[in-house]
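Here the structure is laid out as structure tokens; the discussion comes afterwards.
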There are 2 protein chains.
Amino acid sequence: MSKNPLKNIESINLGGGHRMTPQRRLVFDVLMKSQDHPTAAEVFMRVKNSMDSISLATVYNCLDTLVSAGAIKQVNLDREPSRYCGNLEPHAHFHCESCSSVLDIELNEGAEASKSVIIPKGAKAEKFEVAVRGKCPKCARRKN
Amino acid sequence: MSKNPLKNIESINLGGGHRMTPQRRLVFDVLMKSQDHPTAAEVFMRVKNSMDSISLATVYNCLDTLVSAGAIKQVNLDREPSRYCGNLEPHAHFHCESCSSVLDIELNEGAEASKSVIIPKGAKAEKFEVAVRGKCPKCARRKN
DNA sequence: TTTTTATCAAGAATTATTCTAAATAATAAT
DNA sequence: ATTATTATTTAGAATAATTCTTGATAAAAA
Ligand SMILES: [Mn+2]
Ligand SMILES: [Mn+2]
Ligand SMILES: [Zn+2]
Ligand SMILES: [Zn+2]
């Protein structure tokens with residue numbers, strides 16, 4: 001069973017006069033099938049299998065549109081290229097320091113991240129993000 | 001009272017045959033005096049007041065060296081330029097979405113961020129980071 | 001002093017991303 | 001159905017933060 005129960009892109013409303021297009025559909029589909037948080041360049045390579053004529057600029061455009069529409073998420077690690085995530089469930093990310101892979105991690109109900117920090121008086125906190133870095137299971141078990 | 005009780009750079013050991021130099025001292029001093037998480041370009045401008053001949057490349061080099069030595073921290077927000085922080089106490093960061101300022105926020109003792117996520121079996125978590133984004137007190141009170 | 005090593009500075013190179021402009025396609029208006 | 005409007009795609013140029021290269025300088029070691 002896939003973690004991302006294949007959402008039908010037809011059901012996704014992009015809003016603001018945005019059209020559903022073959023390119024956007026393909027980019028979205030790649031993300032729904034991916035568990036590994038691909039970069040724009042990786043999405044580009046995967047989409048090219050279905051549509052050889054697509055350009056990298058279009059992939060960037062589609063990713064931006066889908067992120068704005070809330071259909072996918074953008075994941076930023078330190079100084080590395082942005083990665084994209086098709087898992088819309090609330091979750092956090094684990095960044096492996098040796099292989100740079102990104103894993104979804106579940107949030108613990110009851111232990112909210114919002115309770116771990118003290119928001120300054122008068123500030124309006126809108127989003128809490130927890131990131132963990134370390135070694136992924138694969139890299140942790142490797143000797144050295 | 002400053003939040004960063006002016007650490008004497010002489011007392012900082014950079015390790016690995018790294019020398020203390022006037023440039024590194026100045027960059028460090030700027031960070032100790034700053035509460036606002038300046039970017040490399042901002043550090044550059046501030047350091048130029050004391051040493052007009054310093055170059056941006058050197059500021060980048062000094063910042064990297066100081067970060068590696070653990071004398072300062074690097075703070076990365078989404079796709080924006082890196083910022084640097086002289087506050088070595090454990091703390092988190094609040095990113096204002098309207099003015100892009102970065103504020104230190106305190107960690108709540110007892111409600112650890114590590115408890116809010118479920119680490120994958122076999123992974124070695126080394127660092128937990130909580131980031132909050134929203135509107136800083138100044139921007140929140142402004143009538144839109 | 002001579003040799004070695006680290007650092008600095010200027011500018012070139014890199015790289016992820018955004019922008020520009022022209023072509024194409026979809027939608028709306030007539 | 002034609003025409004006009006608007007959105008989209010594409011290739012390539014531009015941008016911007018950062019890193020790299022290289023030739024001085026300077027400090028430390030021999
Ligand atoms: Mn994810
Ligand atoms: Mn800070
Ligand atoms: Zn790994
Ligand atoms: Zn603000």
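Chain identifiers are assigned alphabetically (A, B, ...) following the order of the sequence lines, protein sequences preceding nucleic acid strands; residue numbering begins at 1 within each chain. These numbers were taken from a predicted model, which means no experiment stands behind them.
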(request) Determine whether Val27(A) and Gln23(A) make a side-chain contact, defined as any pair of heavy atoms from C-beta on separated by less than 4.5 Å. (result)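 Side chain of Val27(A) against side chain of Gln23(A), heavy atoms only: no contact under 4.5 Å found.
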
(request) May I ask you to test the Leu103(B)-Cys136(B) pair for a side-chain heavy-atom distance under 4.5 Å? (result) yes

(request) Could you tell me whether Arg46(A) and Asp36(A) have a side-chain N and a carboxylate O separated by less than 4.0 Å? (result)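 Between Asp36(A) and Arg46(A) there is a salt bridge, with a charged N closer than 4.0 Å to a carboxylate O.
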
Side chain of [X] (C-beta onward), nearest among [options]:
X        : options                  : value
Tyr60(A) : dT8(D), dC8(C), dA16(C)  : dA16(C)
Ala40(A) : dA9(C), dT18(D), dT17(C) : dT17(C)
Arg24(B) : dT9(D), dC8(C), dA16(C)  : dC8(C)
Thr21(B) : dT17(C), dT10(D), dC8(C) : dC8(C)
Cys62(B) : dC8(C), dT18(D), dG12(D) : dC8(C)

So, does [X] get its side chain near the phosphate of [N], meaning an N or O under 4.0 Å from OP1 or OP2?
X        : N       : answer
Ser82(B) : dT18(D) : yes
Ser53(B) : dC8(C)  : no
Ser55(B) : dC8(C)  : no

What is the distance from [atom1] of [X] to [atom2] of [N], rounded to the nearest Å?
X        : N       : atom1 : atom2 : answer
Tyr84(B) : dA17(D) : OH    : P     : 12 Å
Leu26(A) : dT9(D)  : CG    : C1'   : 14 Å
Asp52(B) : dA10(C) : CG    : P     : 10 Å
Leu77(B) : dA17(D) : CG    : C1'   : 14 Å
Gln23(A) : dA11(D) : CD    : C1'   : 14 Å
Arg79(A) : dC20(D) : CZ    : P     : 15 Å
Leu63(B) : dA9(C)  : CG    : P     : 13 Å
Asp64(B) : dC8(C)  : CG    : C1'   : 14 Å

Answer yes or no: are there more than 12 heavy-atom neighbours, outside [X] itself, under 6.0 Å from its atom [atom1]?
X         : atom1 : result
Glu106(B) : CD    : no
Lys73(A)  : NZ    : yes
Glu126(B) : CD    : yes

(request) Determine the contact category for Thr39(A): base if any of its heavy atoms lies under 4.0 Å from a base atom, sugar-phosphate if only primed atoms, P, OP1 or OP2 are that close, otherwise nothing. (result) nothing

(message) By the 4.0 Å heavy-atom rule, please label Asn61(A) as base, sugar-phosphate, or nothing.
(response) base

(message) With a 3.5 Å distance limit and no angle check, can you tell me whether Asn87(B) reaches the backbone of Glu89(B) through a side-chain donor-acceptor pair?
(response) yes

(message) Looking at Asn76(A) and Arg79(B), would you say the former's side chain and the latter's main chain have a donor-acceptor pair under 3.5 Å?
(response) no

Between the protein and nucleotides 25-27 of chain D, are there any N/O to N/O pairs under 3.5 Å, and if so, what are the atom names and distances?
none

(request) Would you kindly compare Leu56(B) and His18(B) by the position of their nearest DNA chain C nucleotide and give the one closer to the 5′ end? (result)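 So the residue in question is His18(B).
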
